[in-house]
Peer 1: 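Below is a structure I'd like to ask you about.
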Amino acid sequence: MITMKDIVREGHPVLRQIAKEVTLPASKEEKKILQKMLEFVKNSQDPEIAEKYDLRPGIGLAAPQIGVSKRMFAVHVTDEQDQLYSMGLFNPKIISHSIEETHLDGGEGCLSVDRDILGDVPRYARITVKGTTLDDKEVTLRLRGLVAIVFQHELDHLNGIMFYDRIEGFKDKLKKELPN
Ligand code: UDB
Ligand code: ZN
C-alpha cells in the first residue's frame, strides 16, 4: 500500500515536470498504480487506518506525487450536497470553465508540502472535465465547489504547478522574507 514515505515532497523535480499522456487503453500496470492511489486516499480518510499508518487525510493524489510522471490522479471527496466523487482518472482535461473564480477559505495545503502556506489560491468556480475512468469509460463531469477545487489542484500537479504558485504576491513575499 502507498504510505506517506512514498509521497515525494516539494523540491523533487518530478513535481515540476509536465506529466505524459497515458496511452489508452491504460495498461494493467498503469491501472494498478491508479487503483493504489485511490486506495491511498480512501485509507487516509479511514480514522483507524490513518492512525495506524500515520497518513494525512487526503482528498486527492496525483501520480507525480508518487514519482510517476503520467497524467492520472485519484480523488475521494464529498461535495456540499453529500455526493461522493471517488474515482481515478486518466488524461483528465478541463474542457470549459466559468469566468467566475473561487477559493478555499483558509487556503490550500498539499500532501507534498510539509509546511503551512497562507493565502488565497484562485480557482475557477465551475469546470467541466473530461477523462477516462479505471474501467475505460470516457466521462464528462460538471463540477463546482470543493470538488472543482480538488480537480484543479490535482490537474495542476500534472502540469508541474504547485498551489502556492497561484497565491498572489507569494514569490515577492518570499524575497522579502529571505533577502538574497
Ligand atoms: C489534501 N486535504 O488532501 F475543504 F473535508 C488536503 C491535505 C493536504 C490537507 C491533506 C484537504 O484539503 N482536505 C479537506 C479540505 C476541505 C474539506 C475537507 C477536507 N490535498 C490533496 C493534495 O495535496 N493533492 O495533491 C490538498 C487539497 C487542497 C485543495 C484541494 C486538495
Ligand atoms: Zn497537492
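Whatever order the structure lists them in is the order used to number ligands and atoms, beginning at 1. Just the heavy atoms: all of them, side chains too, but no hydrogens, waters or symmetry mates, feed the values below.
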Peer 1: Side chain, backbone, both or neither: which part of V113 comes within less than 4.0 Å of ligand 1 when only heavy atoms are counted?
Peer 2: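 Neither part.
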
Peer 1: Quick check against the 3.5 Å criterion: does R56 have a side-chain atom that pairs as donor or acceptor with the backbone of C110?
Peer 2: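 Yes, the answer is positive, given that a donor and an acceptor are paired below the 3.5 Å cut-off.
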
Peer 1: Does the cation-pi check pass for R115 over Y164, that is, NZ or CZ under 6.0 Å from the six-membered ring centre and within 45° of its axis?
Peer 2: yes

Peer 1: Can you check whether E154 has an N/O within less than 3.5 Å of an N/O in ligand 1?
Peer 2: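 The answer is yes, given that E154 and ligand 1 share an N or O pair closer than 3.5 Å.
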
Peer 1: Please identify which atoms of ligand 1 are closer than 4.0 Å to at least one heavy atom of H157.
Peer 2: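 Taking each heavy atom of H157 in turn, ligand 1 has 25 (O) under 4.0 Å.
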
Peer 1: Heavy atom under 4.0 Å from ligand 1: found in S112's side chain, backbone, both, or neither?
Peer 2: neither

Peer 1: Taking atom types as modelled, is there a side-chain donor on N159 or R16 under 3.5 Å from an acceptor on the other?
Peer 2: no

Peer 1: Do T102 side-chain atoms and A125 backbone N/O form a donor-acceptor pair below 3.5 Å?
Peer 2: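 Absent.
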
Peer 1: Does any N or O of ligand 1 fall below 3.5 Å from an N or O anywhere on E108, backbone included?
Peer 2: no

Peer 1: Side chains of Q65 and S112: donor-acceptor distance under 3.5 Å anywhere?
Peer 2: yes

Peer 1: So, for atom 13 (N) of ligand 1, does the protein have a heavy atom nearer than 4.0 Å?
Peer 2: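 So atom 13 (N) of ligand 1 has protein heavy-atom neighbours under 4.0 Å.
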
Peer 1: For atom 7 (C) of ligand 1, tell me which residue out of Q152, Q45, R56 has the closest non-hydrogen atom.
Peer 2: R56

Peer 1: Against heavy atoms of L146, which atoms of ligand 1 measure under 4.0 Å?
Peer 2: 4 (F), 16 (C), 17 (C)

Peer 1: Counting C-beta onward and ignoring hydrogens, is there a side-chain heavy-atom pair between V113 and R9 closer than 4.5 Å?
Peer 2: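 No, too far: nothing below the 4.5 Å cut-off.
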
Peer 1: Step through the shown structure and confirm whether more than 12 heavy atoms of other residues, nucleotides or ligands are within 6.0 Å of CG on D116.
Peer 2: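 Incorrect, the count does not exceed 12.
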
Peer 1: Mind checking whether A62 has a heavy atom under 4.0 Å from ligand 1?
Peer 2: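 In this structure, A62 fails to qualify as a contact of ligand 1 - no heavy atom is under 4.0 Å.
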
Peer 1: When you draw lines from the Zn ion (ligand 2) to NE2 of H157 and to NE2 of H153, what angle lies between them, to the nearest 10°?
Peer 2: 100°

Peer 1: Are any of the N/O atoms in L111 less than 3.5 Å from those in ligand 1?
Peer 2: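 L111 vs ligand 1: N/O contact under 3.5 Å present.
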
Peer 1: Below the 3.5 angstrom mark, is there an N/O of L104, backbone or side chain, next to an N/O of ligand 1?
Peer 2: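 By distance alone, the answer is no.
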
Peer 1: Closer than 3.5 angstrom, by distance alone: can the side chain of Q45 be matched with the main-chain N or O of G58 as a donor-acceptor pair?
Peer 2: yes

Peer 1: Which bit of T78 is near ligand 1, meaning a heavy atom under 4.0 Å away: side chain, backbone, both or neither?
Peer 2: neither

Peer 1: Any side-chain heavy atom of I66 sitting closer than 4.5 Å to one from M37?
Peer 2: yes

Peer 1: State the atoms of ligand 1, each with its element, that fall below the 4.0 Å cut-off from a heavy-atom position in V150.
Peer 2: 30 (C)

